[in-house]
Amino acid sequence: MAGVVPGLSPMEVDAVPNGAPAPSNGHYDSDDDDAPLVFKRHTPASPQLLKPPVQNVPQIASGGHVSAQSGVTGVSASKEESDSDDDVPLVQRREILQEAEHKPSPIAVQKKPALPAKEKQLGGEKNVVKKRPADAQKTQAPPSKKAKPEPRASSSDEDDDRPLSAVKASVKKTSAKVEGKKKVKVEQVKKPVKKEAPAKAKAPERKKAPKDGDENGTVKWTTLEHNGVIFPPPYQPHGVKMLYDGKPVQLTPEQEEVATFFAVMKDTDWAQKKTFVTNFWHDWSKLLGKKHVIQKLGPCDFTPIYEWHLQEKERKKSMTSEEKKRLKEEKLKAEEKYMFALVDGVKEQVGNFRVEPPGLFRGRGEHPKMGKVKKRIVPEDITLNIGKDAPIPECPVPGHKWGEIRHDPTVTWLAFWHDPISPKDFKYVFLAPSSSWKGQSDMEKYEKARKLKDYIGAIRDQYNRDLTSKNTENKQIAVAVYLIDVLALRAGNEKDEDEADTVGCCSLKIQHVKQIPPTSLEFDFLGKDSIRYFNTVQVNHLVYEAIGSFKKGKKFDDDLFDTLNTTKVNTHLKGLMPGLTAKVFRTYNASYTLDKLLVDTDGTTVLEKIASYQKANKEVAILCNHQRSVSKAHEGQMEKLSLKLKEAEEELGFLKEDLARARKGKPPKKRPGEDKEKKVQQPDAVQRQIEKKELQLRKIAHEMAQKDDLKTVALGTSKINYMDPRISVAWCKKHEVPIEKIFNKSLLNKFTWALEVEPEYRF
DNA sequence: ACAGAGACTTGAGCCAATGTCG
DNA sequence: CGACATTGGCTCAAGTCTCTGT
């Protein structure tokens with residue numbers, strides 16, 4: 001997985017006279033903290049909208065690669081027009097886009113949405129319908145003096161915006177929490193540090209500090225019911241004996257379990273890594289004990305267990321579909337009650353209600369802990385968070401009990417346990433992405449990114465100015481923010497020794513950035529998930545020089561930004577826009593790019609429109625460096641395609657010959673291997689065949705190009721996390737593309753809040 | 001200011017289910 | 001219909017960022 005990002009071209013950065021950030025013409029309400037963003041929960045899309053998405057749409061648009069040209073500067077705005085016709089490299093394009101004036105979005109004020117009551121019923125027993133209290137929403141960032149929000153519709157108006165049904169529902173249910181509404185301050189949900197449990201990793205108990213005055217917003221729920229979590233079944237010993245020095249060895253079930261974890265990973269990459277094997281041996285030998293026959297890993301032969309495992313796999317695969325179905329139903333039945341929670345009376349789906357099973361830790365990259373035994377979690381390890389008045393779920397493991405029960409309405413987790421691999425870390429159980437909580441915060445995320453539009457000009461002006469600052473820290477911040485903005489780098493927090501050695505912007509080391517004269521930088525480092533970021537970019541010469549000055553006198557392994565960390569950068573950013581942090585730039589630039597690249601597609605077919613959407617999506621994925629590893633089958637598949645291509649070409653050649661002969665009244669020549677004589681053909685019939693073949697040829701060629709092009713690019717991540725779904729929804733509406741062609745079922749579920757946007761919506 | 005706890009978002013990979021094609 | 005390709009859902013690791021106590 002090498003860097004997929006071929007030379008992106010520079011963003012032109014001319015120092016521009018500063019100006020106050022153009023306050024939007026008030027189309028934004030988010031600065032008005034009296035009018036918190038409100039999450040709109042929509043009724044589910046109508047059933048016919050939920051048909052399974054069509055797959056495998058052939059892409060027909062003419063493909064254009066992001067070309068690696070560089071050095072183009074001073075692109076004039078007029079160039080923007082040609083934009084749709086790609087060959088304009090991404091960054092250059094962004095440059096153009098960024099220069100362009102942001103137009104006020106026509107749909108200025110987000111209307112207060114309705115919260116149609118959801119049906120609720122937890123575990124199938126209750127049946128209460130309540131409306132979510134209007135104020136469960138978080139307060140927005142403090143008002144900025146700059147943006148002058150247009151007066152919103154009067155507040156009463158807002159309230160009346162809800163669909164009748166929602167209003168009715170709320171009335172009918174006399175929710176006790178109506179008054180809980182407006183900013184209830186949580187009085188500390190107190191958790192006296194209990195006197196000493198063995199100072200095992202401490203449990204979370206921090207309270208939020210209500211900040212001066214108006215803050216709060218910290219209460220996330222008033223009532224919360226759920227059934228806890230489900231545990232993996234206990235280990236079933238298989239009794240297959242591994243060999244030591246060629247002789248079968250007796251293992252206890254615990255020892256056998258861990259041996260099996262290892263055995264079944266034989267053909268993974270992990271099994272080839274020294275760290276993995278060493279860590280495994282370290283933990284397993286402890287379990288075996290000093291006096292065990294097995295004294296070393298070398299003589300261990302796990303093959304019998306591995307083979308047993310393959311057999312099991314085979315057995316499962318060969319089950320009849322009835323058996324499979326039955327098993328599935330049984331599983332569903334056992335899990336059903338864990339799948340939902342009741343939040344303020346609303347039934348919501350729980351995300352990860354299954355406790356993680358034991359196994360060997362599969363850290364990514366060169367994680368120092370890979371191969372360690374991840375021990376089984378028992379109920380005593382679990383802390384549940386649940387309403388005070390809610391029944392405490394029965395512990396599903398006989399003879400055990402929950403570790404702790406909390407009633408903390410300031411958080412959204414339903415349960416947590418400590419990560420057995422890194423006990424200071426937590427594993428949480430949260431609601432699913434389709435839930436109100438997640439939807440609300442998702443929407444807030446995009447609104448914050450949109451707000452950045454109003455500030456981005458001034459922010460860019462400022463960092464451009466600070467590139468020449470005499471103050472090193474300011475200069476470093478300027479460069480860092482430049483990189484975060486232009487290259488969409490992550491913030492780059494410091495990491496512990498016992499984690500994989502990866503970096504982001506603030507943690508870049510000297511070795512990761514090379515200067516390529518005259519003004520290019522080559523980045524080569526491992527980022528999140530140890531995915532390589534490899535990219536050469538032409539940058540503003542001031543940035544180039546600044547990097548040179550930061551590198552001066554430092555060693556390979558030293559920090560590039562020695563005066564920075566993410567806190568400093570984020571503190572700085574907050575001074576420029578309320579709530580601004582490094583990650584907002586990724587969201588902003590991703591959404592902004594999508595919005596700009598989704599060009600008008602009038603007059604094209606739906607298939608072509610979808611292809612153009614995917615093209616835009618791809619640009620965003622490249623910007624964010626969302627990669628995937630090339631599938632094992634890729635090469636074979638490409639070969640097959642090129643074979644097909646060759647055949648088609650050959651046939652085309654024959655057809656052309658046929659045509660010439662047909663014109664002379666001669667019959668087609670026999671193809672190699674054919675023996676039947678052929679009849680004379682009409683020239684125009686042959687001509688039609690030729691055209692058909694040519695079309696097929698182009699299609700195959702395009703398919704190949706596309707496939708190869710996308711082999712290392714993952715489109716999904718940006719769709720799920722970075723591109724404002726309202727952009728996609730609006731585009732679909734405007735261009736009459738069924739939304740299901742763009743969002744699959746789970747995305748539609750996750751984005752219910754975005755589905756009713758107007759076709760005119762722009763990011 | 002700083003370190004660490006805590007909470008929440010983002011991310012790639014896996015695999016069974018589903019779709020497509022010859 | 002079977003072989004293969006693609007996808008969707010899930011899993012769990014790995015980030016970001018906030019808040020607290022000192």
Side-chain angles (χ1 to χ4, degrees), chain A residues 1 52-58 201-211 218 220 268-269 313 316-317 321 324 328 351-357 359 361-365 367 369-370 374 385 408 410-413 416 418-419 421-428 430-433 437-438 441-442 445 490-496 499-500 502-507 527-531 565-571 573-574 579-584 586-587 624-629 631 633-634 636-637 640-641 644 703 707 714-718 720-722 743-747 749-750:
Chain A
M1 52 184 71
V54 171
Q55 310 195 316
N56 212 8
V57 182
K202 258 192 15 197
E205 0 207 282
R206 163 168 46 124
K207 327 293 53 132
K208 317 255 151 140
K211 293 267 238 277
T218 56
K220 308 283 193 358
T268 67
D269 289 349
K313 239 162 89 177
K316 281 183 192 146
K317 213 163 66 188
S321 51
K324 285 184 190 164
K328 212 171 141 183
N352 53 329
F353 52 86
R354 298 178 191 94
V355 169
E356 293 176 14
F361 178 65
R362 290 145 124 97
R364 323 251 168 98
H367 200 296
K369 291 187 172 178
M370 66 171 81
K374 191 168 114 175
N385 190 31
D408 184 352
T410 67
V411 294
T412 65
W413 52 264
F416 81 82
H418 280 281
D419 179 0
I421 291 298
S422 176
K424 65 174 187 8
D425 292 338
F426 305 85
K427 297 285 197 172
Y428 292 96
F430 291 116
L431 292 185
W437 282 343
K438 297 290 190 186
S441 72
D442 212 26
K445 171 182 78 184
R490 297 189 184 81
N493 285 308
E494 289 97 57
K495 301 190 71 188
D496 284 354
E499 297 175 283
T502 62
V503 301
C505 183
C506 294
S507 44
K528 180 176 177 178
D529 292 323
S530 293
I531 297 294
N565 57 42
T566 56
T567 309
K568 279 184 187 166
V569 169
N570 282 336
T571 305
L573 292 175
K574 281 202 176 55
L580 185 60
T581 62
K583 83 193 261 286
V584 179
R586 272 170 81 81
T587 312
C624 295
N625 200 38
H626 291 145
Q627 301 198 28
R628 57 180 185 155
S629 48
S631 90
H634 180 81
Q637 292 170 359
K640 248 187 228 170
L641 282 173
K644 242 169 92 180
E703 198 184 328
K707 197 181 177 78
L715 300 187
T717 308
S718 48
I720 295 172
N721 297 303
Y722 287 104
F743 289 156
N744 64 32
K745 205 173 75 184
S746 48
L747 251 20
N749 256 323
K750 168 173 170 147

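Numbers restart at 1 for each chain; the letters A, B, ... are given by sequence-line order, proteins then strands.
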Practice prompt. Pick base, sugar-phosphate or nothing for A:Thr566, based on heavy-atom distances below 4.0 Å to the nucleic acid.
Written response: nothing

Item to complete: Look at the side-chain N and O atoms of A:Lys574 and state whether any lies under 4.0 Å from the OP1 or OP2 oxygen of C:dT18.
Response: yes

Fill in: Counterpart residues, side chain to side chain donor-acceptor pair (under 3.5 Å), relative to A:Ser507 (two or more places apart)
none

Discussion item. Is there a side-chain contact between A:Ser629 and the phosphate of B:dG13, meaning an N or O under 4.0 Å from OP1 or OP2?
Written reply: yes

Worksheet item: In degrees rounded to 10°, what angle is found between the helical axes fit to the five outermost pairs at each end of the helix from B:dA1-C:dT22 to B:dG22-C:dC1?
Response: 20°

Worksheet item: With a non-hydrogen cut-off below 4.0 angstrom, is A:Lys640 in contact with a base, only sugar-phosphate, or nothing?
Response: sugar-phosphate

Fill in: Residue list, salt bridge (Lys or Arg N to Asp or Glu O under 4.0 Å) with A:Lys750, at least two apart or on another chain
none

Discussion item. Does a side-chain N or O of A:Arg586 approach OP1 or OP2 of C:dC17 to a distance below 4.0 Å, or not?
Written reply: no

Worksheet entry | Partner residues of A:Thr268 under the side chain to side chain donor-acceptor pair (under 3.5 Å) criterion, sequence neighbours left out | none

Discussion item. Looking at B:dC8, I'd like to know if its phosphate oxygens (OP1 or OP2) sit under 4.0 Å from a side-chain N or O belonging to A:Lys220.
Written reply: yes

Fill in: Presence of A:Gln627 side-chain N/O under 4.0 Å of B:dG11 phosphate oxygens OP1/OP2
no

Between the protein and nucleotides 13-15 of chain C, list the N/O to N/O atom pairs that are separated by less than 3.5 angstrom.
from: C:dA13; atom 1: OP1; to: A:Lys374; atom 2: NZ; distance (Å): 3.0
from: C:dA13; atom 1: OP2; to: A:Lys427; atom 2: NZ; distance (Å): 2.4
from: C:dA13; atom 1: O4'; to: A:Arg364; atom 2: NH2; distance (Å): 3.2
from: C:dA14; atom 1: OP1; to: A:Arg364; atom 2: N; distance (Å): 2.7
from: C:dA14; atom 1: OP2; to: A:His367; atom 2: NE2; distance (Å): 3.4
from: C:dA14; atom 1: O4'; to: A:Asp529; atom 2: OD1; distance (Å): 3.4
from: C:dG15; atom 1: OP1; to: A:Thr502; atom 2: OG1; distance (Å): 2.9
from: C:dG15; atom 1: OP1; to: A:Asp529; atom 2: N; distance (Å): 3.0
from: C:dG15; atom 1: OP2; to: A:Lys495; atom 2: NZ; distance (Å): 2.2

Discussion item. For B:dC8 and A:Tyr428 - does any side-chain N or O of the residue sit under 4.0 Å from the phosphate oxygens OP1/OP2?
Written reply: no

Discussion item. Quick check: on DNA chain C, is the nucleotide nearest A:Leu747 upstream (toward 5') of the one nearest A:Ala582, or the reverse? Name the residue that is more 5'.
Written reply: A:Leu747

Discussion item. Categorize A:Lys324 for me: base, sugar-phosphate, or nothing, with a 4.0 angstrom heavy-atom threshold over every strand shown.
Written reply: nothing

Discussion item. Students often mix this up, so state it plainly: with edges at 30° and 60°, are the rings of A:Phe426 and A:Phe416 parallel, tilted or perpendicular?
Written reply: perpendicular

Worksheet, complete the sentence: Taken in chain and number order and not counting sequence neighbours, the residues that satisfy ring-ring contact (aromatic ring centres under 6.0 Å, His included) with A:Tyr722 are A:His626

Worksheet entry | Phosphate-side-chain proximity, A:Ser746 and C:dG9, N/O vs OP1/OP2 below 4.0 Å | yes

